[in-house]
Amino acid sequence: MSESSSVRIERLIRLIADHYGEIPWWPGDTDEVMIGAILTQQTRWENVESALTNLKKKGLCSLDSIFSADIREIEDAIRCTGFYRVKARRLKSLATHVMEMHGGTGGMADKPTGQLRHGLLQVQGIGDETADSILCYGLLRTSFIIDAYTERMVHCIGVPERRGALKSIFEGVLHNDNQTYRQAHAHIVEYGKEFCGKKRCSECILVSSNV
DNA sequence: GACCAGGTCCTTG
DNA sequence: CAAGGACATGGT
């Protein structure tokens with residue numbers, strides 16, 4: 001990675017942090033965040049919220065209840081998030097992984113972040129972004145999340161690196177602290193929703209501020 | 001009706 | 001490795 005990429009990303013982070021200030025992002029207990037991390041794949045958050053409400057009504061908003069639930073029940077509750085059959089399967093796989101490898105969510109608390117991440121990536125349907133979302137927002141670890149908005153945004157200011165390299169750059173630039181990571185990702189998504197659609201990238205404070 | 005949303009997996013070139 | 005399709009509902 002070139003040094004100018006780091007420097008420019010550092011400026012980008014500061015700019016949107018100043019722009020948005022402190023914002024709440026992804027509340028919920030560990031199980032709810034883990035479930036939400038799968039449900040939000042390629043899906044608007046509002047739809048995820050209604051699915052989480054549906055799951056709660058059925059008593060299915062925990063990994064151990066999902067572990068033993070009928071998959072049809074899960075599908076019914078999460079249909080509004082789209083891809084509901086694959087996602088129900090993914091939730092089952094995650095629940096099985098957590099139960100069998102850690103004996104439940106609580107068993108993850110004392111294990112190192114790298115080990116947890118490696119384990120999560122073995123689960124069918126959990127890739128880098130979902131794993132990091134679970135680690136950062138569910139388990140309060142310092143593992144930075146790179147999503148589509150992050151990639152578009154940095155490309156927009158002329159930083160060419162792909163997701164894998166970007167994770168290293170962001171983690172090198174940010175203060176290594178869970179709260180910092182949570183806020184930085186929150187800012188990026190907020191900014192991305194506002195300015196970085198697939199087609200448009202105008203009215204962009206990044207460009208106009210010469211980042 | 002077309003297009004897209006806080007991805008991931010599988011198959012091809 | 002990069003690129004393209006599948007997975008699916010709901011909102012603009």
Side-chain angles (χ1 to χ4, degrees), chain A residues 1 12-13 16-17 19-20 23-28 30 32-55 71-97 117-139 141 143-156 160-168 170 174 178 181-204 206:
Chain A
M1 79 177 158
L12 179 157
I13 290 168
I16 57 178
H19 185 70
Y20 289 109
I23 56 180
W25 205 256
W26 217 328
T30 300
E32 184 175 339
V33 171
M34 288 182 149
I35 292 165
I38 288 185
L39 295 182
T40 198
Q41 291 172 349
Q42 194 64 23
T43 301
R44 295 175 202 281
W45 182 253
E46 306 79 67
N47 296 337
V48 175
E49 284 187 314
S50 31
L52 289 172
T53 302
N54 295 340
L55 287 169
I71 195 153
R72 299 288 306 282
E73 283 292 296
I74 302 170
E75 290 178 356
D76 283 346
I78 70 174
R79 182 162 291 122
C80 57
T81 68
F83 304 135
Y84 63 91
R85 277 189 296 229
V86 268
K87 284 177 180 173
R89 221 181 306 132
R90 289 172 181 184
L91 288 173
K92 276 286 194 184
S93 303
L94 173 60
T96 302
H97 167 76
R117 188 171 198 277
H118 180 78
L120 287 168
L121 290 174
Q122 307 296 111
V123 179
Q124 277 297 322
I126 295 187
D128 292 306
E129 181 176 342
T130 306
D132 289 327
S133 297
I134 288 171
L135 291 168
C136 188
Y137 290 98
L139 295 166
R141 307 303 180 100
S143 194
F144 195 70
I145 305 156
I146 304 293
D147 63 3
Y149 288 139
T150 318
E151 205 173 15
R152 277 184 215 155
M153 200 175 305
V154 300
H155 288 174
C156 186
E161 275 82 10
R162 308 294 291 256
R163 294 191 178 199
L166 289 178
K167 180 173 167 69
S168 307
F170 274 85
L174 288 167
N178 173 259
Y181 279 32
R182 294 161 65 96
Q183 280 296 305
H185 178 253
H187 290 145
I188 287 170
V189 177
E190 197 60 32
Y191 184 86
K193 291 205 291 196
E194 201 171 342
F195 298 109
C196 301
K198 259 189 177 162
K199 304 197 68 173
R200 84 185 177 302
C201 185
S202 54
E203 305 283 335
C204 185
L206 301 179

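Each chain gets a letter, A, B and so on, in the order its sequence line appears, and its residues count up from 1. Heavy-atom basis, side chains included; hydrogens, waters and symmetry copies ignored.
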In this structure, how many angstroms lie between the [atom2] atom of [N] and the [atom1] atom of [X], rounded?
X: A:L39; N: B:dA5; atom1: CG; atom2: P; value: 18 Å
X: A:I188; N: B:dA5; atom1: CD1; atom2: P; value: 17 Å
X: A:L166; N: B:dG7; atom1: CG; atom2: P; value: 15 Å

#### Entry: Member of A:H185, A:E190, A:Q183 meeting the side chain to side chain contact (heavy atoms under 4.5 Å, CB included) criterion with A:H187
A:Q183
### Message
A:I145 and side chain to side chain contact (heavy atoms under 4.5 Å, CB included): which single residue from A:D128, A:T130, A:D132 fits?
### Response
A:D132
### Task
Hey, can you tell me if A:F144 and A:Y181 have their rings parallel, tilted or perpendicular (30° and 60° cut-offs)?
perpendicular
Atom of [X], atom of [Y] and distance for their closest heavy-atom approach:
X: A:T81; Y: A:N47; answer: CG2-O, 3.6 Å
X: A:I78; Y: A:Y84; answer: CD1-O, 3.5 Å
X: A:V33; Y: A:G28; answer: CG2-O, 3.7 Å

### Query
Closer than 4.0 Å, any side-chain N/O of A:R163 to the OP1 or OP2 of C:dA2?
no
### Task
Indicate, with a heavy-atom threshold strictly under 4.0 Å, whether A:I38 touches base, sugar-phosphate, or nothing.
nothing
### Query
Taking the P atom of each, how far is B:dC10 from C:dA8, in whole Å?
14 Å
### Message
Quick check on DNA chain B: between A:L121 and A:Y149, whose nearest nucleotide comes earlier from the 5' end?
### Response
A:Y149
### Strand DNA chain B in bracket notation, Watson-Crick/G-U under 3.5 Å with | for pairs to another chain
.||||.|||||||
### Message
Each nucleotide in nucleotides 7-12 of chain C should get exactly one letter: B, S or -. Can you fill that in based on protein heavy atoms under 4.0 Å?
### Response
BBSB--
### Query
Can you find a heavy atom in the side chain of A:T30 that is under 4.5 Å from one in the side chain of A:I134?
no
### Query
Does any non-hydrogen side-chain atom of A:W45 lie less than 4.5 Å from one of A:V189?
no
